Each structure stands twice: as C-alpha cells, then as structure tokens.
There are 2 protein chains.
Amino acid sequence: MSHSNNHVPAIVIGRLPLYLRALTQLASDGRHVTSSQELSEKLGFSSAQIRKDLSYFGEFGKQGTGYEIELLEQALKEILQVHHVWDMALVGAGDLGRALANYNGFEARGFRIACIFDSASSKVGTLINHWRVLPMDALRESVRARKIYLAIIAVPAIAAQQVADELVEGGVRAILNYAPTTLSVPPRVKVFHIDPVAGLQSMTYYL
Amino acid sequence: MSHSNNHVPAIVIGRLPLYLRALTQLASDGRHVTSSQELSEKLGFSSAQIRKDLSYFGEFGKQGTGYEIELLEQALKEILQVHHVWDMALVGAGDLGRALANYNGFEARGFRIACIFDSASSKVGTLINHWRVLPMDALRESVRARKIYLAIIAVPAIAAQQVADELVEGGVRAILNYAPTTLSVPPRVKVFHIDPVAGLQSMTYYL
DNA sequence: CCATGTGAATACATTCACAGCA
DNA sequence: TGCTGTGAATGTATTCACATGG
C-alpha cells in the first residue's frame, strides 16, 4: 500500500535496470505478457525476489496472468527516471573514451553523451564521432552552463580524483567511474564504479 | 582459527580486489604499514568489515600496529590467485574490443589477453596491438588447445549467448561479459557482468 | 597504550507459503 | 485454476564492543 516513500534498499534499485533490460528484450521479441517465473529463469533471481522488489513501487501484475510487459517496462523507466534522456559529460578521449563515444547503446536506454573533454592538447579540437573534444579547463563551467548532472570518467587513475572534484564543482550529481581507483566525493554525489580487473580477480578466486 | 575452508561469502570475495587495489596504490606511494582504519577511509567500507573480511583467510595484522602492506598485498594475490598471470581470450574486435586490447592495466593485476576473435571476415586477419584477429570458428579449439580458462565477451547482445556457449565448450571457466544481456551457463562457469547503462540507471533513480 | 580479531547483537535481504483475486 | 503480493520465517551480512597481545 504506502509505496514509493518507504525507503527502498539500494540493492533493489540495482536490480531494477536488469528487470528493465529483460523486459525490453522480451518486448522486442514481440511478447506482451510475462511472469515473475519467466523473468526468474531469464535473470537468475528467484521469482519471489522479483515480486518483492516490484512490490516496493506498486502493484503491476495481474493475479493468475502475470505482468503486461509494456506497462511494467514503462513503470520501471519512470521509477529509474529514464523515460527521458539524460545528457552526460565524457571525460577522457583515450581508447576507452572513444569506445564509449562510439557506443550506440546509450540512447535507447536513457542516456546521451553531450560533450567530451580531454587534458591533452593533442586531442583537444579533434573530432570523435561528431563531438569536438573540449579542453579540461572548460569542464567545470561547461557542465554547469549546460546543466549536466551525469558524467563518465575515463581517464587514468592518477587523474581521476581531480576530474571528479571539478565535475562536482560543476554540479554533477552522478559519476560513472572507469578509473581503477576509489573516488572521494560529497555524500550527495553518487558514484558507480566499473573495474573489469576487479571482476576478473573475484572470479579467479573460484578457479 | 580454522580458516580457508569455512566457506567465504561471495560478497566478501568481491571486496578483496578493492582491498588489493588500495594496498598496491599505498605501496606505490612508498608506504609500508596501514590499518583497517586507513583502508576504511580510502575505500568507504567500515574498518570492522575490512577486519572481518580478512579474518576469513588468516591473521595478517599486528595488534597495536596494523598491516604490513607488502605482506597483505601478497596474501591477497595468492587468495585471489593473481600471483601469476592468467591468459584470456577476447571475443569481439569492435570499438570496445580494441579498447580492451589496448588497455595496459591488465598485466600488473594478473591478466593478459592471449588471443582475439571476431566473426566479421573484414576484421579477421587484421592486427590489433600486435594480435592478429582470429575467426570465430577457431574459437572453441583455440581456447581448448591453449588451455585458456578466462574470456572477455565484447560482442553485441544478440551474439553473446552463442559466443558463451562456444567458450564453455572450449573449457572456459570464467567470463567477463560486456554484452548487455544475461548469459546462461553451467553452474561451474562464473560470469561477471559489466553493464555501464545499468550502473547509470541505478544512479538516476536517486536524482 | 593502540589496533587487531572475533563472538554476540543487530540490521538487512531473501525465501517461504498462502490469502486473494482475475 | 494460476500467479501476484506480502506478512512471517529464515538466512546473511554488518556492526558492536571488548579481550588480547605487541
């Protein structure tokens, strides 16, 4: 009943994008209805967990039937606030930055790179997939002026903290960090860290 | 006392690489001793959690002093089995695959790309940072012959499951999956999934 | 002293199991 | 009937708080 204000555990929020991804995939297969059971098999979470996670936000299913895919997809997009597209600043125009700039999977899922920054004067001014690379000293004011609240850090570890500081000063509220180092930011700023090597290392433990 | 056989929670294993990363960083700053308190501040986990995590594997600290960095670093490398370097197969020679092939942060942390595969005949035979791209139909036998147990999937979502199947048939035991789709593999095979968009979506929830 | 290592206590997350409704 | 939504029960993880020993 009293949904949406009861404080939802962060671990639940972390699963919602996976539910959303699976639903979009089902929809693109032409499917219209699914069940917690089917999602369970596709995703590897228990059906009870999926039902309980969704119950934090409302009642989206029909007893005896399941979930209308399009409806649940839309509901999750609104919960996650990805029913509109977010502009992002990309910092770092190395190999990784270029791969991210060329990745065409962002838009359909709610994100768009709006500008690219790099500190190397050899890269500033060059074109990457229609963006002209901007100098780092324009970072703070650019993101502030353009009201950009999301950023991707794709610079070497050594430079990451300073970039994060400038992003925060520019008003950025969430950072996707590819640098293999922990960032220290004010509590209002969210950081999601991607470290492929850490992932590999936690798998080799089991081998 | 009876360490190392008591079943360690996966969530603990997932934090060890972060402890290791922080220790390596401290060591490269010329430091020799640290404490759970200092690591706590650097990493954002509680000091009690760090101590408890480490206690699953042994007693590495000195009361009143803390941890000898070099020693703990070495211990964690052995626990995670990254005291030697693992060969990996990289599947997918698109922008992401090339970025991974050019990434020079693998070796120092226990990994090395040994071969690269792609299905596009336009890419097969080309050179990427000294590797010659091999055709997909050589995948299964190559990884088997070279005893490669780790692979990175960097292909479009649509192709990912089939690639995973062939890797598994070739004897691969752990997969780092960059394709935005859930893979189904036998229980003995570990999968670590990286989906930057899912990370972004779980942050926009809070904005 | 000071910081570890660890049982005990607490907090959190998942699963169970079933009432309720299409 | 079949599947959701959800309290209650169980299972995990984190934190507390302190005895221990350098």
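In what follows, chains are A, B, ... by sequence order, proteins preceding strands, each numbered from 1. Since the structure is predicted, the reported quantities are computational estimates derived from the model, not experimental observations.
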### Message
Is the ring pair B/Phe106/B/Tyr103 parallel, tilted or perpendicular, if the boundaries are 30 and 60 degrees?
### Response
perpendicular
### Any side-chain donor near an acceptor of the partner, A/Thr181 and B/Gln25, under 3.5 Å
yes
### Summary
Rounded to whole Å, the CZ-P distance (A/Arg51 to C/dA17) equals 13 Å
### Query
Which nucleotide sits closest to the side chain of A/Ile11: D/dT14, C/dT14, D/dG5?
C/dT14
### Message
Please report the distance, rounded to the nearest Å, between CZ in A/Phe57 and P in D/dT4.
### Response
18 Å
### Task
Could you state the atom-to-atom distance from CG of B/Leu43 to C1' of D/dT14 in whole Å?
16 Å
### Task
Test A/Asp195 against B/Arg109 for salt bridge (charged side-chain N to carboxylate O under 4.0 Å, His left out), laying out the working first.
CA-CA 11 Å; A/Asp195 183 349; B/Arg109 298 172 69 194; 2.8 Å; yes
### Query
Under 6.0 Å from the NE2 atom of A/His32, do we count more than 12 heavy atoms belonging to anything else shown?
no
### B/Asp53 CG to D/dA13 C1', straight-line distance once rounded to whole Å
10 Å
### Query
Given side chains that start at C-beta, do those of A/Val143 and A/Tyr149 come closer than 4.5 Å, heavy atoms only?
no
#### Entry: Sugar-phosphate only, base, or nothing, as touched by B/Ser36 at under 4.0 Å among non-hydrogen atoms
sugar-phosphate
#### Entry: Candidate nucleotides C/dT4, D/dA8, C/dG7, ranked by approach to the side chain of B/Lys52 - the nearest
C/dG7
### Query
How many Å lie between OH on B/Tyr56 and C1' on C/dT6, as a whole number?
11 Å
### Side-chain donor-acceptor contact under 3.5 Å, B/Gln49 with B/Asp53
no
#### Entry: Residues touching DNA chain D, which here means a heavy atom under 4.0 Å, drawn from residues 13-31 of chain A
none
### Query
For D/dC3, does either OP1 or OP2 sit under 4.0 Å from a side-chain N or O belonging to A/Ser35?
no
### Summary
In whole angstroms, the gap separating P of C/dA3 from CG of B/Leu72 amounts to 16 Å
Under 3.5 Å, which protein N or O atoms sit close to an N or O of nucleotides 19-22 of chain C? Give each pair with its distance.
unit_1: C/dG20; atom_1: N2; unit_2: A/Gln63; atom_2: NE2; d: 3.1
unit_1: C/dG20; atom_1: N3; unit_2: A/Gln63; atom_2: NE2; d: 3.3
unit_1: C/dC21; atom_1: O4'; unit_2: A/Gln63; atom_2: OE1; d: 2.8

#### Entry: B/Leu54 CG to D/dT14 C1', straight-line distance once rounded to whole Å
15 Å
### Task
Return yes if a side-chain donor-acceptor contact under 3.5 Å exists between A/Thr182 and B/Arg21, otherwise no.
yes
## Note on the structure
Ranking A/Ala10 and B/Phe60 by the position along DNA chain C of their nearest nucleotide, the one closer to 5' is B/Phe60
### Query
Got a salt bridge between A/Glu38 and A/Arg31, using NZ or NE/NH1/NH2 to carboxylate O under 4.0 Å?
yes
### Query
Taking only N and O in the side chain of A/Tyr67, is any of them less than 4.0 Å away from OP1 or OP2 of D/dG5?
yes
### Query
Given atom CD of B/Gln49 and atom P of C/dA11, what is their separation to the nearest angstrom?
16 Å
### Message
Distance alone, cut at 3.5 Å: any donor-acceptor contact between the side chains of A/Glu41 and A/Gln37?
### Response
yes
